[in-house]
4 protein chains.
Amino acid sequence: MVKNYSVRTDLALEEKERFESDNVEIPGVVLEEDYDQERDIRVTRVEIRTENGAKAMGKPTGTYLTVETPDLSLPDEEKHVEIAARLCGYIRELIEKHREPAGNGEGEAENEDISILVVGLGNRDVTPDALGPYVADHLNVTRHIVKEYGKYAMGMENVDMVSAIVPGVMGQTGMESAEIVRGIVQETHPDIVIAVDALAARNSRRLNRTVQIADTGIHPGSGVGNHRVGMTEESLGVPVIGIGVPTVVDAATIVNDTMENFIRALESSESLKGVGEVLRSYNAGEKYEFVKELIAPHLNGMFVTPKDVDEMIHQISHTISEAINMLSSQFSHA
Amino acid sequence: MVKNYSVRTDLALEEKERFESDNVEIPGVVLEEDYDQERDIRVTRVEIRTENGAKAMGKPTGTYLTVETPDLSLPDEEKHVEIAARLCGYIRELIEKHREPAGNGEGEAENEDISILVVGLGNRDVTPDALGPYVADHLNVTRHIVKEYGKYAMGMENVDMVSAIVPGVMGQTGMESAEIVRGIVQETHPDIVIAVDALAARNSRRLNRTVQIADTGIHPGSGVGNHRVGMTEESLGVPVIGIGVPTVVDAATIVNDTMENFIRALESSESLKGVGEVLRSYNAGEKYEFVKELIAPHLNGMFVTPKDVDEMIHQISHTISEAINMLSSQFSHA
Amino acid sequence: MVKNYSVRTDLALEEKERFESDNVEIPGVVLEEDYDQERDIRVTRVEIRTENGAKAMGKPTGTYLTVETPDLSLPDEEKHVEIAARLCGYIRELIEKHREPAGNGEGEAENEDISILVVGLGNRDVTPDALGPYVADHLNVTRHIVKEYGKYAMGMENVDMVSAIVPGVMGQTGMESAEIVRGIVQETHPDIVIAVDALAARNSRRLNRTVQIADTGIHPGSGVGNHRVGMTEESLGVPVIGIGVPTVVDAATIVNDTMENFIRALESSESLKGVGEVLRSYNAGEKYEFVKELIAPHLNGMFVTPKDVDEMIHQISHTISEAINMLSSQFSHA
Amino acid sequence: MVKNYSVRTDLALEEKERFESDNVEIPGVVLEEDYDQERDIRVTRVEIRTENGAKAMGKPTGTYLTVETPDLSLPDEEKHVEIAARLCGYIRELIEKHREPAGNGEGEAENEDISILVVGLGNRDVTPDALGPYVADHLNVTRHIVKEYGKYAMGMENVDMVSAIVPGVMGQTGMESAEIVRGIVQETHPDIVIAVDALAARNSRRLNRTVQIADTGIHPGSGVGNHRVGMTEESLGVPVIGIGVPTVVDAATIVNDTMENFIRALESSESLKGVGEVLRSYNAGEKYEFVKELIAPHLNGMFVTPKDVDEMIHQISHTISEAINMLSSQFSHA
């Protein structure tokens, strides 16, 4: 209802949820959910398969994997290794999907080394936006070693070349992150880009506990910073795996949500039944007028973030770095 | 009305405003406002003179000076020097008010050197809470030089001894900031403590542009971090000037405010007059039930902050450091 | 010989070595060395037992444990856990030595909880001096939790209370670190202080691979910063375990050492035998005149440090944090 | 003499000095020195005009301006503005020298806007190598504003577009800085690159007080980090102004210098005349054997830096940022 006016979300999962609440099937969009009760990990796979599906969802066709678990924000190293291994598996799945098929047979593709450029998007100086830079900080970059000493220097038969860049934000560089990364891609020719970014969620309950991995890259308007140009295969020239963690909710979103709850409550309220009746007699547009007026304009440019955001960002960035570091060994043992 | 359930504010000015909207005079509380139109600087002085006034305001007796100006967040160095000079004047006024009178005459008091311990409260790793640490970073500390070489080493007749500490937050230290500072005060015997902290405002329009200077120190529950023990003359043993800058608004506050607007709008709405009539027939308690239900419980521990908070904190912290650095020269020229 | 004019070292081990080269036994000083060939870890225990020994060594009476291993600077997490466990054992040994004996029997002493204040000395902004602050960053501080919820909140029967402080350096605070820590000790009453500091070694080969643990605290003149007052039981009022890692060598030391080698080489040289003969005919004082003149005075205040100091400091600080974090579980399982 | 075996310097001025001590004129190299006694600023201009001169100097043809003043390390803001203005003038001179002449006449060239990419080389996490990143931090980048709103948005007729990048070091990125910057140059087409880097000096007296500005870019082997590929017009495709500040001296250099002094002293010593006579009878190669043996091999990879390096780097980086920020206004007023 009021959702037509809703602030957007960077999570495909949340986009899908909007429709589900109305029990609407979206043609061209497939959702699979897997809940591991013992470990309390929920994995949701949204496949947007058709252009119509993409239009309905407001997101490009591709695969969106969302991992949700409260363990992501707990300081339990063992669990983090477990989550990292799982994330690594999903990243690998999406990489395999996009690798150039080997000339003579599929079997060999897995034995080939791959070169990966990891892009840590965001602003290191604004805590909830520092996820990407922190992930880059903890990577084992290997490209320069493999280039200088050959892959046998690493003591493995198959070895990926990992490079990493923290492009900074436009206010610091005067350039779009996409311009910087495109230049580096054209110069260093990675097979694939993994772009890590802090996202904005619609629902504050998703903060701290959600990672989205998508083979559609990173799209404008996400998160705390404002990348105006996306980081996609179209803009960079190589496939882009986007890894996003919601760290903030737009302030206007939170107010909007509460307003929706309020209207819904008024409509169904026993004690204020009269109000509900009156409200029901007005249409969505009229109700929206209230909401628009009431959401203070100075909330634009404001975001909501948990007080322990620093700890959370450090922990989750370690887990994601670990997942990417595991990629090399996985591929090389393949 | 709903204000009885309101989330608290760290600004005496905002506490006073709550009453003004009802045109209530609070006995024992005097408010003076001075607006410099040319410079667009508004200075509000709230004096809480009696214990009754303190009770009504929920703040201890003392002087609260609030400087509001949009220039605080602009990168105009000249204006910042101007604002720093003004802040320095107010800090000095409050220091003079609390200096021990000289034994034989008041005239001499101003010629005496003073030793100041500046405390940079907050968490350096969480951007909106880093104001205090950043202020400490830019101070000219002099205590060790004066102690070693005498005040003539500084080339002035009168010279203050400035020391500074960034105590960290309880999650990092396992100690209350007040415990740490009390220990240091007892060991180094400053005449006065200036404690700088990021505050929570009620009104997001105050972010970026407001400094509160009070001779009542810093009180529990302020800002992003959670000091559970205040930083006051009572807890530290010497007078405490608190300098606070609102950098966040509690997420629940923003939602609550919008709800209040909404109810007010419903009550006066032409198009939804019926709803207003129904609402008017219910009492404050009933209305509050809605608000309480609708403010999502997971908003606890969340705060709202502007996207450019990093830049803002850096700029304002420089201005406050400068104001404190000016103190020495001011006093010594006295 | 020339060693009488030598720049001092913070490592008791190196002080002892000076004498050994002359095969001199120092009364009151006992040295034990243990080399684990398989793991390539060398542990040296220097016990200074008498005041005469202390005088000869230029260090107070007490126990100095030095752990040397090239693994300390390698990024091998498994080895770091192993080293941390070993360091933890040594720290524990020194703590046990200084614990107040329980009133009624020794057996119970081990069951008693202990409260520890960890002090991270040094300047976070100067890489080779940031060891102490980095160690503090990675500690599990527990004092505030135990104080609020009781030790059973931690799910253990015996639990230590760990608190931590990064006092900063005098140029930032205007205060001696010892003043700050003494104030905090008097306010929060820890049973013991563990002070972590970056040290200066005499021998650049010790950088990256050495940890010294001593029950005599931290002494003036150590390392990159200049603590002018020691951090000892005498100055703080409770026993102080000093943990030091050499991260720099004084520039003058390195030059001096090379000069000594040069003179020694001249004395024994075949090809320049004539020079050696002439030099042998002069006394130590005359030779020292050369050295003094040649060591450029502007080398004062300069230090030598490896180019990969950042990585090294991060790695070693993690290992030491881990060792201290292990203390709690060790003690509580005792 | 022994200088043939000398460790290299990044300062053209120091390279030239090596020859001067022998009163040798180098064909194709012109040196001009200007000393402003009142302000204690020495400006040296080394012009390497021929390939022979370049070969002799071990540096490419071009202009090397060196500004030396003790004020660079003093915290006197007024003096820093003065120095910044002077540096700005030299940078401008070198930019003008390399601007493409306008199609129809030289006069117009100065009225044309210019787009500048500032590259902050070095490792933000190693204090003496952080100069480049710190300079980038304090720049007024404008490219994105001019691109979006046009140059009239800046309120000036002529306005430069300034962008900035901190590429990181190879150990963090797996890529040569030159690869990263070349990619960005090809993507964003700046007219000129200004690359800022911390350098290694030969003489520790130059630390803290020297800035070199050259139109030959940045060359391999400089400073703390190890750029293996230069940042030059040849490698990047646009002219490169290199701004370098010596922040370290190679440890081996300092030892080597002292050895040279020692040998010189022995040769001229009254008290050890005999040694001198013997030494004089040996040739340079024999003497060098000593030096080589005596400079400990583990000094490789070690550098010498002043203890107050953090403060120094912050101050000088501000001054250089200011100089680059002044460029825009200078050019636009032209």
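- With chain B as partner, the option from C/K147, C/Q186, C/E148 having the largest number of non-hydrogen pairs under 4.5 angstrom is C/E148.
- C/R182 CZ to B/T188 OG1: the interatomic distance, rounded to the nearest 0.5 Å, is 10.5 Å.
- Rounding to the nearest 0.5 Å gives a distance of 8.5 Å between CD of C/E179 and OG of B/S163.
- Here the closest heavy-atom approach between residue C/M175 and residue B/L117 is recorded as CE-CD1, 3.8 Å.
- By the neighbour-count criterion of 12 heavy atoms within 6.0 Å, atom CD of B/E93 is densely surrounded, having more than that number from other residues, nucleotides or ligands.
- Using a cut-off of 4.0 Å between Lys/Arg side-chain N and Asp/Glu carboxylate O, B/E176 and C/R143 are scored as not salt-bridged.
- The distance from the OG1 atom of C/T173 to the NE2 atom of B/H144 is 7.5 Å, given to the nearest 0.5 Å.
- Taking a 6.0 Å sphere around CD of C/E311, one finds it holds 12 or fewer heavy atoms contributed by other residues, nucleotides or ligands.
- Within the 4.5 angstrom heavy-atom criterion, no atom of C/L139 approaches chain B.
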